[in-house]
Protein chains: 2
Amino acid sequence: MEDTAAPVSAQEQVASPRRAPSQQRSRERVERMLAAASALIAEQGSDAMRMGEVAERAGVSIGSLYQFFPDKRAIVWALAERYTAESQACISAALAGVSDAEGLQSAFSELVDIYYRLFLAEPVMRDIWSGTQADKALRQLELADSRANAEFLTAVLKRLRPAVDPATLETTAFLVWQMGEAAMRLAISVERQEGDRLVAAYKRMALRELLAE
Amino acid sequence: MEDTAAPVSAQEQVASPRRAPSQQRSRERVERMLAAASALIAEQGSDAMRMGEVAERAGVSIGSLYQFFPDKRAIVWALAERYTAESQACISAALAGVSDAEGLQSAFSELVDIYYRLFLAEPVMRDIWSGTQADKALRQLELADSRANAEFLTAVLKRLRPAVDPATLETTAFLVWQMGEAAMRLAISVERQEGDRLVAAYKRMALRELLAE
DNA sequence: TCAAAATATGAACAATCCTCACATTTGCAA
DNA sequence: TTGCAAATGTGAGGATTGTTCATATTTTGA
């Protein structure tokens, strides 16, 4: 909450640059804008989110919104960036100490559960990662995030299976991670019961792959 | 190619109904509309596709477009439906005769290769299935298609592993299939070389799962 | 032959993203 | 304190684009 990386970082990769809020006042307003956007996304999805509505709910003018965000997607991007930063720390912590097969098994299993609960509970996160395929900038962010997360997994695998070609382990980790995200998206788009079964099946499949050979 | 299911079938699930083309003339025009849309999607993606441009390129008025398609998404949907129908026949044929592990291995491997090549070669298909996450109707179509395809796989598994609980096999087949689609989408969004490696890794992972126990 | 149904048309409407010229507030050096 | 430059705030209006609808034309079938 303290620093809240300026939304400008998003624009560097997304659209024409905007000013970063430098004053206390504007920083608070940007927070309100993001909060309003978040609420609206939770209610109706990011596609139905209207810029005018975001401004109104944040108590600012439409012009102020565009002072800090170059376009609509940049707002979603800024929210997405926060989620990735948050979850990355959590994943790193969960996998850091793992050094044997049992450790990996329980750590990975728990990680999947946490992610699944997160997807079920956070409509905003769910919406954002769903739109990932359509929006190029979001897709890039997700890929970068996924690679970073996969690296933690790769590190564990390298310790567990030093004999295997590192490049192969990297590919495996990345694929397993991406499959996990896909499994989550699938799971939340079907009946809860079937979703649970699918996540459990993914867990088995992933662990079989991670611990194989 | 012969009947080309009237685009109306899409609307039943998507938006307000439109007239189905009943005359030869209008059927040909609808074909031109779809062809124009397909070309535009291939060039710029379905998001950048403009209704006015579709009409112009098809040589019809904008009003005629809306005579047969209730909205923009319905056009994409109609194209998607054709792809699913086509590929489903191909998949059914590939898996129909499989009755042992080796057969499954080679059939599945070939199927993945075909799909991968298709994804690489068909920008329209690629674009449509990418937007799948964002568009609810498309997502439903993809899920239904995926379930249908997974059923062919389930049938094979039931023959190969009669001792296992059928419900488990269904879940496995559905998950493996969805993971495959996710792997394809991932593969085509990274460098070709890495994409190839990822698809190969998926193939190994999927076969390990399908032939396990 | 002719009326009803089907089809064709495109100007106009409506929704919405985003810009811009101008007003206000804040930070800070003199 | 004062004054000015930089930062911030505003909202009407430009621009794009999906969609409708009143009207005109063509086809069908009796």
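Residue numbers start from 1 in every chain, and the chains themselves are labelled A, B, ... in the order their sequence lines are given, proteins ahead of strands. All figures in this text were calculated on a predicted structure; none of them were measured in a lab.
Within the 4.0 angstrom heavy-atom criterion, base atoms lie near A:Gln67. A:Ser22 comes within contact range of the sugar-phosphate backbone alone, with a heavy-atom separation under 4.0 Å but no base atom that close.
With rounding to whole Å, A:Arg27 atom CZ is found 14 Å from C:dT26 atom P. One atom, CZ of B:Arg73, and another, C1' of D:dT19, lie 14 Å apart when rounded to the nearest Å. Taking atom CZ of B:Arg18 as the reference point, atom C1' of D:dC21 lies 11 Å away to the nearest angstrom. Atom CD1 in A:Ile62 sits about 16 Å away from atom P in C:dA15, given to the nearest Å. Taking atom CG on A:Asp47 and atom C1' on C:dT16, their separation rounds to 12 Å, with Å as the unit. Following rounding to the nearest Å, B:Ile75 (CD1) and D:dT19 (C1') show an atom-to-atom distance of 12 Å. The interatomic distance linking B:Arg19 (CZ) with C:dA6 (C1') rounds to 5 Å, in whole Å. Atom CD of A:Glu53 is separated from atom C1' of C:dA15 by 13 Å (rounded to the nearest Å).
Taking only side-chain nitrogens and oxygens, A:Tyr66 never comes nearer than 4.0 Å to OP1 or OP2 of C:dT19. The side chain of B:Arg29 contributes an N or O atom lying less than 4.0 Å from OP1 or OP2 of C:dT9. Between A:Ser26 and D:dT8 there is a side-chain N or O to OP1 or OP2 distance below 4.0 Å. B:Ser64 has a side-chain polar atom (N or O) that falls below the 4.0 Å cut-off from OP1 or OP2 of C:dT9. Within the 4.0 Å cut-off from OP1 or OP2 of D:dA7, not a single side-chain nitrogen or oxygen of A:Arg25 is found.
At a threshold of 4.0 Å, the pair B:Glu122-B:Arg82 does not count as salt-bridged, since none of the basic side-chain nitrogens sits closer than that to a carboxylate oxygen. Under a 4.0 Å N-O distance rule, the pair A:Asp135/A:Arg139 does not qualify as a salt bridge. Salt bridge annotation for A:Glu151-A:Lys158: absent, with no cationic side-chain nitrogen under 4.0 angstrom from a carboxylate oxygen.
For the pair B:Arg147 and B:Phe174, the cation-pi criterion (under 6.0 Å, within 45° of the ring axis) is fulfilled.
Sequence order on DNA chain D of the closest nucleotides to B:Gln24 and B:Met51 puts B:Met51 first from the 5' end. Closest-nucleotide positions on DNA chain C for A:Gly63 and A:Ala48 were compared, and the one nearer the 5' end corresponds to A:Ala48.
Between B:Leu118 and B:Arg126, every side-chain heavy-atom pair lies at or beyond the 4.5 Å cut-off.
Distance from the side chain of B:Gln23 is smallest for C:dA6 among the nucleotides C:dT9, C:dC17, C:dA6.
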